[in-house]
Q: 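The structure follows.
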Amino acid sequence: MRFYSHYRHFLPHEKWPDPDLLTKLKNQHGLTPIYSELSGTSTNIENLTLNGLKFPLKAFENNLQPTTAKILAQVNFQGRNYPVMAVNRYGKGLACYFGCSLPQTVSNWSGMRYNAVNSQNLEIILRFFQTLLDRTGIIPPVTAEDLPSTTIVTRHNGPILITGIIRDIAQTRNLDAAIRQRALKFDRPYHAYDVVNGKYLGFGRELKHEFGPFSQTVLALSPYQPGKPEIQLIRDDRSYTASIRLQAATEKWADHIFQVELKRPDGTINPAYSEVVFGNGNQGKYEFTLPLNSAPGNWTLLVTDVLSGQQQSITIPTK
């Protein structure tokens with residue numbers, strides 16, 4: 001009711017809300033937003049168990065009435081136990097129900113999830129979900145066992161897996177400040193490329209890469225290893241068309257992206273001609289026209305495959 005006591009200071013007395021309004025809403029939706037003790041039971045259904053789990057919980061559903069479901073965890077509130085997490089058989093599988101604020105509570109632990117008590121509870125929760133994943137046959141494409149406070153995000157571009165490894169700077173600067181090599185594991189062998197720095201990192205199912213507290217990494221994990229871009233230039237007076245093509249031992253390509261830059265005869269880049277070309281598979285096309293007052297001499301067209309960092313340049317004679 002703290003919200004109510006603050007809220008009424010901003011309203012005339014006759015417009016004060018019903019003091020029982022929040023209680024009525026809580027009862028209507030079966031939610032009890034008061035810290036209570038969550039504890040796992042000894043129930044074990046095909047290795048699914050939360051036995052040993054115990055920590056304060058802010059909100060739970062207080063009207064669950066299991067019939068055939070088995071209770072995995074319960075909340076003790078005002079001397080009464082409420083079932084809040086249950087599992088039931090569904091055909092050949094299992095159905096799990098969570099009637100409490102477990103995700104929000106664990107998220108609110110933030111950096112405190114690494115203290116002794118929370119760490120033990122988190123291990124039980126992770127083991128529970130890993131058991132569910134093992135039953136489904138779902139294997140994460142990228143894992144890192146020694147990167148705390150890190151989120152790994154993957155997206156498919158054809159056969160290439162774009163992987164973002166995002167560290168929570170607010171936590172890592174205190175919890176994991178060392179700069180050292182960590183191991184990334186893949187579900188299959190890949191050629192690994194550092195997209196940010198345009199570097200080839202190696203091939204295999206495991207990659208050792210240097211991470212620090214402020215590291216933000218983007219990897220391209222490819223089953224094939226493209227060579228340097230091939231550039232075919234067609235000229236029509238002062239207009240040019242550059243056909244770009246990659247070669248590799250593959251029949252299935254990702255849609256590659258090409259960074260194109262045009263250098264003046266003195267080696268400086270003309271930013272007006274810098275462009276990102278979105279390819280169709282391993283091919284792309286770049287068209288440009290040199291100005292009438294362009295500097296005399298040979299210009300250079302530089303093409304970079306963004307995913308692999310491979311580069312190729314070609315000289316453009318202006319006469």
Side-chain angles (χ1 to χ4, degrees), residues 31-61 64 69-77 81-87 94-154 163-178 180 182-187 206 211-217:
L31 296 176
T32 306
I34 301 174
Y35 279 103
S36 309
E37 190 76 9
L38 172 73
S39 59
T41 68
S42 59
T43 300
N44 187 317
I45 304 295
E46 298 186 26
N47 294 325
L48 277 180
T49 182
L50 291 170
N51 188 22
L53 191 68
K54 190 173 184 179
F55 57 84
L57 191 72
K58 186 175 182 180
F60 65 93
E61 192 171 346
L64 295 182
K70 304 298 182 183
I71 300 172
L72 294 172
Q74 58 191 9
V75 164
N76 184 277
F77 177 64
N81 288 328
Y82 294 87
V84 294
M85 300 172 72
V87 60
L94 298 173
C96 299
Y97 186 85
F98 297 84
C100 60
S101 61
L102 178 68
Q104 296 90 335
T105 301
V106 174
S107 177
N108 289 338
W109 287 347
S110 189
M112 293 303 294
R113 64 179 178 270
Y114 297 110
N115 70 26
V117 175
N118 289 343
S119 178
Q120 181 178 353
N121 284 315
L122 187 59
E123 183 178 345
I124 294 172
I125 295 171
L126 293 177
R127 187 165 57 242
F128 175 86
F129 285 105
Q130 186 60 54
T131 301
L132 285 177
L133 286 175
D134 291 343
R135 287 181 59 88
T136 62
I138 297 175
I139 301 175
V142 181
T143 57
E145 297 179 354
D146 192 24
L147 272 178
S149 302
T150 302
T151 301
I152 299 178
V153 181
T154 60
T163 303
I165 303 172
I166 307 158
R167 310 215 69 193
D168 186 342
I169 296 174
Q171 296 184 26
T172 55
R173 68 174 65 193
N174 298 317
L175 298 173
D176 190 30
R180 55 192 175 90
R182 322 292 176 94
L184 300 176
K185 295 183 178 180
F186 313 136
D187 63 340
E206 182 173 324
F211 290 92
F214 307 107
S215 299
Q216 309 298 341
T217 306

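All values below were derived from every heavy atom in this structure, side-chain atoms included, with hydrogens, water molecules and symmetry-related copies excluded.
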Q: Any chance CD of Gln120 has more than 12 other-residue heavy atoms, nucleotides or ligands included, within less than 6.0 Å?
A: no
Q: Looking only at heavy atoms, what is the nearest atom pair of Gln216 and Ile166, with distance?
A: OE1-CA, 3.2 Å
Q: Just how far is it from atom CD of Glu123 to atom CG of Asn118, taken to the nearest 0.5 Å?
A: 13.0 Å
Q: Is there a donor-acceptor pair closer than 3.5 Å between any side-chain N or O of Thr172 and the backbone N or O of Pro213?
A: yes
Q: For residues Phe211 and Ile165, determine if any side-chain heavy atom of one lies less than 4.5 Å from a side-chain heavy atom of the other.
A: yes
Q: Ignoring hydrogens, what is the shortest heavy-atom contact between Leu64 and Gly99? Give both atom names and the distance.
A: CD1-CA, 4.4 Å
Q: Walk me through it: do Phe55 and Val117 pass the test side-chain contact (heavy atoms from CB on, under 4.5 Å)?
A: CA-CA 9 Å; Phe55 57 84; Val117 175; 5.9 Å; no
Q: Taking Lys54's backbone N and O only, do any of them form a donor-acceptor pair with Asn121's side chain (distance below 3.5 Å, no angle check)?
A: yes
Q: Show the nearest heavy-atom pair for residues Pro56 and Thr105, with the distance to one decimal.
A: O-CG2, 3.7 Å
Q: Looking at Arg167 and Ser215, would you say the former's side chain and the latter's main chain have a donor-acceptor pair under 3.5 Å?
A: no
Q: From the options Asn44, Leu94, Leu50, select the one residue that forms a side chain to side chain contact (heavy atoms under 4.5 Å, CB included) with Val87.
A: Leu94
Q: Which atom names give the shortest non-hydrogen contact between Ile124 and Leu53, and what distance separates them?
A: CD1-N, 3.6 Å
Q: Main chain of Ala116, side chain of Ser119: is a donor-acceptor contact present, judged purely on distance under 3.5 Å?
A: no
Q: After noting the C-alpha distance and the side-chain angles of Met85 and Phe128, does the key distance pass the side-chain contact (heavy atoms from CB on, under 4.5 Å) rule?
A: CA-CA 12 Å; Met85 300 172 72; Phe128 175 86; 5.5 Å; no
Q: Taking all heavy atoms of Val153 and all of Thr151, pick out the closest pair and write down the distance.
A: CG2-CG2, 3.9 Å
Q: If you measure from CG on Asn51 to CZ on Arg127, what distance do you get to the nearest 0.5 Å?
A: 9.5 Å
Q: State whether the side chain of Thr43 and the backbone N or O of Leu72 hold a donor-acceptor pair below 3.5 Å, judged by distance alone.
A: no
Q: What distance do Gln130 atom CD and Ile138 atom CD1 have between them, rounded to the nearest 0.5 Å?
A: 10.5 Å
Q: Under 3.5 Å, is there a donor-acceptor pair between the side chain of Ser101 and the main chain of Ala59?
A: yes
Q: Hey, what do you get for OG1 (Thr49) to CD1 (Ile45), rounding to the nearest 0.5 Å?
A: 9.0 Å
Q: Would you compute the distance between atom CG of Leu184 and atom CG of Asp146 and round it to the nearest 0.5 angstrom?
A: 10.5 Å
Q: Give a yes or no on whether the backbone of Pro148 and the side-chain of Thr150 come within a donor-acceptor separation of less than 3.5 Å.
A: yes
Q: Could you go through Ser149 and Asp176, starting from their C-alpha distance and side-chain angles, then the distance that decides it, and tell me whether this counts as side-chain contact (heavy atoms from CB on, under 4.5 Å)?
A: CA-CA 8 Å; Ser149 302; Asp176 190 30; over 6 Å; no
Q: Which pair of non-hydrogen atoms, one from Glu61 and one from Val84, has the smallest distance, and what is that distance?
A: O-CG1, 4.1 Å
Q: Can you classify the ring geometry of Phe77 versus Tyr82 as parallel (below 30°), tilted (30 to 60°) or perpendicular (above 60°)?
A: tilted
Q: Rounded to the nearest 0.5 Å, what separates atom CD in Glu206 from atom OG1 in Thr143?
A: 9.0 Å
